[in-house]
Amino acid sequence: PDGDNRDLVLDLSPGVDGQAALVLRDAHEQPSVAALAPRQRRAVAELLRGQFALSLRRVTLFRSLQELARSDPLTGAWRRWYGEARLAELTEAGAVVAVCIADIDRFKRINDLHGHGGGDRVLAAVARALIASVRSEDLVARLGGEEFLIVLPATPPAGAAMVAERLRTAVAALAGLPEAVTVSLGVACCRRDESAGELLARADAALYRAKEQGRDRVVCADGPDELALVRSEPARREPGSTTSIHRAVRPPSGTLPKA
């Protein structure tokens with residue numbers, strides 16, 4: 001700080017893609033610095049600026065790497081491991097949560113007719129439609145191939161069915177693709193004492209039924225007689241209890257018809 005101005009402003013723009021500054025209000029020089037000449041004090045400030053900028057750059061790079069590790073580069077959806085981990089966290093915490101599994105209908109035919117480039121265009125467009133049709137607190141993850149997982153926290157059965165229908169309609173309305181695209185969806189709402197793996201298995205079975213019934217439709221795993229089993233409010237946890245996060249294991253669904 002010079003004169004009566006006690007604020008120290010450090011330009012950290014080199015540490016980010018844009019502009020950034022660190023402002024230290026009412027800064028006071030340490031005795032070891034106060035004895036230095038003004039030019040030397042500025043050199044110390046420049047050294048601090050460089051160190052702060054480097055630290056900020058490391059933080060932004062780390063966040064970028066986290067984002068890359070969590071997201072699928074082709075579709076922009078979250079990766080499978082992150083979606084399953086988040087779902088496991090919610091189910092273990094006793095939260096009210098629903099899931100949809102969406103599968104692009106006849107995707108193998110799209111790849112065969114239009115090549116993998118055309119298939120990639122369809123995957124990216126479908127993912128964008130799914131992500132744009134859910135809330136910010138919801139999560140869309142790519143399970144692999146042409147399958148997507150949609151995690152819907154604090155969503156009851158009726159709401160989950162409405163969201164799934166909105167997703168189906170959004171995909172059916174896509175334009176500019178090699179051909180018309182539809183999805184089938186299986187929906188399941190977490191029941192009391194149900195694990196993430198069990199929840200996903202029921203949604204997967206509902207998706208199989210949607211395929212069997214003609215595709216381009218929504219099938220809910222929880223019928224009217226089973227709604228009493230579904231969590232209607234968050235479970236109460238004992239004080240001091242913790243929730244571990246692990247990767248939910250989804251049973252293989254190799255029998256799902258893709259053609």
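Any value given below was found using the heavy atoms of this structure, including those in side chains, with hydrogens, waters and symmetry copies removed.
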**Item:** Sidechain N-carboxylate O distance under 4.0 Å for D222, R191
**Value:** yes
One thing to verify: whether D138 and R135 come together as a salt bridge, which I'm taking to mean a side-chain N less than 4.0 angstrom from a carboxylate O. yes
Partner of D216 under side chain to side chain donor-acceptor pair (under 3.5 Å), picked from R106, R168, K211, is R168
Query raised in the report: Is any side-chain heavy atom of L130 less than 4.5 Å from a side-chain heavy atom of T75?
Result: no
Q. Should E89 and R86 count as an ion pair when the cut-off is N to O under 4.0 Å?
A. yes
Between C189 and A98 the two heavy atoms that sit nearest each other are SG-CB, 3.7 Å
Nearest heavy-atom contact between R79 and P73 is NH2-CD, 3.6 Å
**Prompt:** Same hydrophobic cluster for I104 and V187, using side-chain heavy-atom links shorter than 4.5 Å among ILVMFWY?
**Reply:** yes
Can you tell whether the side chains of E179 and R109 come within less than 4.0 Å, N to carboxylate O?
yes
Verify the cluster assignment for M162 and V96: are they in a single hydrophobic cluster under the rule of side-chain heavy atoms below 4.5 Å apart? no
Using the rule that Ile, Leu, Val, Met, Phe, Trp and Tyr join whenever any side-chain heavy atoms are under 4.5 Å apart, tell me whether L149 and W81 fall into a single cluster.
yes
| query | Charged N to carboxylate O below 4.0 Å: is that the case for R80 and D72? | reply | no
State, without any angle test, whether S184 and D105 hold a side-chain donor-acceptor pair at a distance under 3.5 Å.
-> yes
| message | So W78 and L139, do their side chains get closer than 4.5 Å, heavy atoms only? | response | yes
(request) Look at the side-chain heavy atoms of Ile, Leu, Val, Met, Phe, Trp and Tyr, link any pair under 4.5 Å apart, and say whether L143 and V219 land in one connected group. (result) no
- Query: Can you check side chain to side chain contact (heavy atoms under 4.5 Å, CB included) on D103 and V183, steps first, answer last?
  - Reply: CA-CA 5 Å; D103 184 271; V183 292; over 6 Å; no
Between D193 and E198, the two heavy atoms sitting closest are O-OE1, 4.2 Å
Exercise for the section: Look at the side chain of E147 and the backbone N and O of G144, then say whether any donor-acceptor pair between them is shorter than 3.5 Å. Expected result: no
Stepwise, does the side chain to side chain contact (heavy atoms under 4.5 Å, CB included) test hold for V97 with L87? CA-CA 8 Å; V97 60; L87 177 62; 4.1 Å; yes
Practice item. Determine whether I131 and L177 fall in the same hydrophobic cluster, where Ile, Leu, Val, Met, Phe, Trp and Tyr are linked whenever their side-chain heavy atoms lie under 4.5 Å apart. Key: yes
For residues 115-134, the salt bridge (charged side-chain N to carboxylate O under 4.0 Å, His left out) pairs (sequence neighbours left out) are none
### Message
Salt bridge or not between K108 and E146? Use side-chain N to carboxylate O under 4.0 Å.
### Response
no
Residues L123 and G145: closest non-hydrogen pair is CD2-O, 3.5 Å
When every non-hydrogen atom of A210 is compared with those of L185, the smallest separation belongs to CB-O, 4.0 Å
Interatomic distance, CG@L229 vs SG@C190, rounded to 0.5 Å, equals 11.5 Å
Per side chain to side chain contact (heavy atoms under 4.5 Å, CB included), V99 is matched among T91, L152, L199 by L199
Notebook entry, point to check: Step by step, would you call F148 with V126 a side chain to side chain contact (heavy atoms under 4.5 Å, CB included)?
Noted result: CA-CA 9 Å; F148 294 88; V126 168; 4.1 Å; yes
Tightest non-hydrogen contact, residues A129 and V171, listed as CB-CG2, 4.3 Å
In this structure, CG of D112 is separated from CZ of F107 (nearest 0.5 Å) by 10.0 Å
